[in-house]
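We're numbering straight along the sequence, starting at 1.
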Amino acid sequence: MVSFFRKRVSGAALKAHLERISFLMKYLEQYGMWNKKEVVEVLNKELLLAIPKDIQHLEDRVWPDPSNSNIAISFACNDSDNINCVNQFMLIGFDVMANTLIIGTAHQKDKERAHFSWSITKESDARSVPPLSERIHQEFWNLPGYNQIGLGEFRFLKRAQV
């Protein structure tokens, strides 16, 4: 068994992963509360996700990010009033980011974008967390352009008002 905890985390690797996470969060907020077919079209065109159009249920599946092999993107349609409305995006970590799950939930939409709250968690307490993942969990709460909101023991990031 490989021990993740013997390896040091490169500052450059941490910075690159946090920048990609921040970019994806801001990018995906534009498409919150859109119809899932439109979301798939945009993600395929702009992020090159290669989501097949012939699959009936596209939500809750994982689509690798071609710009970072340690991240995949998923989305969900959890609005019972509109089952085709994408109201949640997830960034899932792999390899050096294993056991990392970042969840963004849309709450309302204005002319520019949907307003999201973002959180980070471990996918499973049964699996180890690599050092880079551990650092991402710590630094996530300091992402530029976001404010931390605490609700009791729960906390979220919300985009700062410009």
Item to check | Evaluation steps, side-chain hydrogen bond (donor to acceptor under 3.5 Å, both in side chains), between Gln88 and Asn78 | outcome: CA-CA 8 Å; Gln88 194 171 63; Asn78 297 322; 3.3 Å; yes
Is the side chain of [X] donor-acceptor paired with the backbone N or O of [Y] at a distance under 3.5 Å, no angle test?
X: Gln30; Y: Tyr27; result: yes
X: Ser133; Y: Pro130; result: no
X: Asn84; Y: Asn35; result: no
X: Asn44; Y: Ala50; result: yes
X: Ser117; Y: Phe156; result: no

Checklist outcome for this item: For His17 and Met97 the tightest heavy-atom approach is CD2-SD, 3.4 Å
Checklist entry - Closest approach of His137 and Asn99, non-hydrogen atoms and distance? => result NE2-O, 3.8 Å
Between [X] and [Y], is any pair of side-chain heavy atoms under 4.5 Å apart?
X: His57; Y: Glu59; value: yes
X: Glu134; Y: Leu132; value: no
X: Glu123; Y: Thr100; value: no
X: Leu18; Y: Lys15; value: no
X: Arg61; Y: Ile55; value: yes
X: Ile120; Y: Trp141; value: yes
X: Lys109; Y: His115; value: no

What distance separates [X] [atom1] from [Y] [atom2], expressed to the nearest 0.5 Å?
X: Ile51; Y: Lys37; atom1: CD1; atom2: NZ; value: 14.0 Å
X: Ile102; Y: Ser119; atom1: CD1; atom2: OG; value: 9.0 Å
X: Leu24; Y: Ile21; atom1: CG; atom2: CD1; value: 8.0 Å
X: Leu143; Y: Ile136; atom1: CG; atom2: CD1; value: 10.0 Å
X: Thr121; Y: Phe140; atom1: OG1; atom2: CZ; value: 10.5 Å
X: Phe75; Y: Leu58; atom1: CZ; atom2: CG; value: 5.0 Å

Next on the checklist: Please give the remaining members of the hydrophobic cluster of Phe94, linking ILVMFWY side chains under 4.5 Å, ordered by chain and number.
Outcome noted: Val62, Met90, Ile92, Leu101, Ile103
Checklist entry - Taking atom CD1 of Ile83 as the centre, does the number of heavy atoms from other residues, nucleotides or ligands within less than 6.0 Å exceed 12? => result no
Is [Y] reachable from [X] through a run of I, L, V, M, F, W or Y residues, each pair having side-chain heavy atoms under 4.5 Å apart?
X: Leu48; Y: Phe23; answer: no
X: Val96; Y: Leu91; answer: yes
X: Tyr146; Y: Leu28; answer: yes
X: Trp63; Y: Ile71; answer: yes

Item to check | Glu29 vs Phe89, side-chain contact (heavy atoms from CB on, under 4.5 Å): CA-CA, chis, key distance, verdict | outcome: CA-CA 9 Å; Glu29 285 181 2; Phe89 286 104; over 6 Å; no
Item to check | Criterion side-chain contact (heavy atoms from CB on, under 4.5 Å) on Tyr31 and Val86, from CA distance to verdict | outcome: CA-CA 8 Å; Tyr31 304 110; Val86 174; over 6 Å; no
Checklist entry - Does one side chain, of Glu41 or Trp34, offer a donor that lies under 3.5 Å from an acceptor on the other? => result no
